[in-house]
Amino acid sequence: MAMITYKGESYTCEKDETVLVCLLRHKVFVPNACQSGVCQSCMMKAVQGTPPKVAQTGLKDTLVAQHHFLACICKPEEDLEVSLYDSSKDWMLAEVLEKSLLNESVVRLRLKPQHKIDYMAGQFINIKGQDGTSIRSYSLASLPTEDYLELHIKRVPDGLVSNYLHDIVAVGDSLSIMGATGDCFYTNRDQAQPLLMIGVGTGLAPLYGVIRDALAKDHTGSIHVYHGSLATPGLYYIDELRNLANEHESLSYTPCVLHGDAPEGGQQGDIQSVVRTDFPDLKGYRVYICGDPQIVDSIKKQCFMSGASMADIYSDPFDFS
Ligand SMILES: Cc1cc2nc3c(=O)[nH]c(=O)nc-3n(C[C@H](O)[C@H](O)[C@H](O)COP(=O)(O)OP(=O)(O)OC[C@H]3O[C@@H](n4cnc5c(N)ncnc54)[C@H](O)[C@@H]3O)c2cc1C
Ligand code: FES
């Protein structure tokens, strides 16, 4: 069992326990959100001792070189003395420029950050909730060339931050944001490669950015977009995606609904079965899958089994703790 020393106090880390769980168990607060090594809100620094390499997955080289690590995926193999990463310089204010409902449970926010942020379409930012300590990640549906950041936020029953963004935040308010990060974005390494994009619910947000980015970068291969929801009212951007498909011969758009009738040109059924039937062989395809973590994980396995190479599967599971 490793000992974790933080602010002069030492805590026993149980076998298979992460540094985050160990500290929280001892009532030591560490910022966190996804608890799965994605959002980077739990970043800490090893002052003494070496964190396992896997706990540095996705961190910039400069952060790795300074012994930073993600507490939520760090199962220490030796005693560690740790400090909190000082993220204060990474946060900035962003003004809410526009707020509108995309359907009964998804709100669109457009934000103007205090400073321009460098990002790739499809990456995500972190936002602080009303209490100033809760942090949640939201994917960017905008393009870096657009002069606002666009987010699609689904209301989660009893959800702290999503309900704050739905009910309390108003146009003109400022939000604390940090980012962007994430590796679900378009690269033009093979412009003729066929792309398959699968989004569930607000999983469309990053894809809406990635699709338009690929088109803006003159992707020549076909682009197949599937957007899934329980029923038609849960879909959104139907007209926008149809318009894109009308403007670009290479693009096809298929809305999928589990229950009830699908919109024209769509399919009824679970999105995973629909994709399996439409794409029995995914050899040579690049696949993007975003949204509910369980569905993303399951479709990811299916796409691999259907022949897509793991290196060609980009996924953005909306993990939550
Ligand atoms: C990389 C990344 C990108 C994301 N992008 C988006 C995005 O573009 N749009 C978006 O709407 N969300 C996105 N999310 C999810 C988002 O970060 C929050 O987890 C979500 O808004 C819920 O936060 P909350 O504070 O409202 O709920 P919480 O207060 O955290 O949770 C309330 C309760 O609901 C449960 N819960 C939380 N989320 C869900 C869920 N999705 N389904 C079922 N139960 C849940 C919790 O376990 C808890 O019991 C993303 C997550 C990640 C990691
Ligand atoms: S990366 Fe650790 S809480 Fe998200």
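Since we're looking at a predicted model, the values are computed, not measured. Just so you know, ligand 1 is whichever comes first in the structure, and atom 1 is the first atom listed for that ligand. Numbering starts at 1 and runs along the sequence shown.
For ligand 1, the polar-atom distance check against D316 finds no nitrogen or oxygen pair separated by under 3.5 Å.
The ring pair (Phe, Tyr, Trp, His ring centres under 6.0 Å) search around Y237 returns H152, Y208, not counting sequence neighbours.
Proximity of F318 to ligand 1, defined as any heavy-atom pair under 4.0 Å, is shared by backbone and side chain alike. If you look at L160 next to ligand 1, the close heavy atoms, those under 4.0 Å, come from the backbone and the side chain alike. Here L151 has no heavy atoms under 4.0 Å from ligand 1, in either its backbone or its side chain.
Proximity of atom 44 (N) of ligand 1 to the protein is indicated by at least one non-hydrogen atom lying closer than 4.0 angstrom.
Residues V257 and A231 share a closest heavy-atom pair of CG1-C, 3.5 Å.
Put simply, the side chain of E95 never gets that close to the backbone of Q114: no donor and acceptor are under 3.5 Å apart. Remark: side-chain polar atoms of N163 are paired, donor with acceptor, to backbone N or O of G159 under 3.5 angstrom. Using a distance-only test at 3.5 Å, with no hydrogens or angles considered, a donor-acceptor pair links the side chain of Q191 to the main chain of K217.
Less than 4.0 angstrom separates some heavy atom of V161 from each of these atoms of ligand 1: 24 (P), 25 (O), 26 (O). For ligand 1, the atoms sitting less than 4.0 Å from at least one non-hydrogen atom of I153 are 11 (O), numbered in the order shown with element in parentheses.
Between the side chains of S41 and N32, not a single donor N or O lies within less than 3.5 Å of an accepting N or O. Remark: the S87 side chain and the D90 side chain contain no N/O donor-acceptor pair separated by less than 3.5 Å. Side-chain polar atoms of Q48 and T5 form no donor-acceptor pair below 3.5 angstrom. A donor-acceptor pair shorter than 3.5 Å cannot be found between the side chains of S229 and H227.
Taking a cut-off of 2.8 Å, the protein N, O or S atoms nearer than that to atom 2 (Fe) of ligand 2 are C42 SG, C72 SG.
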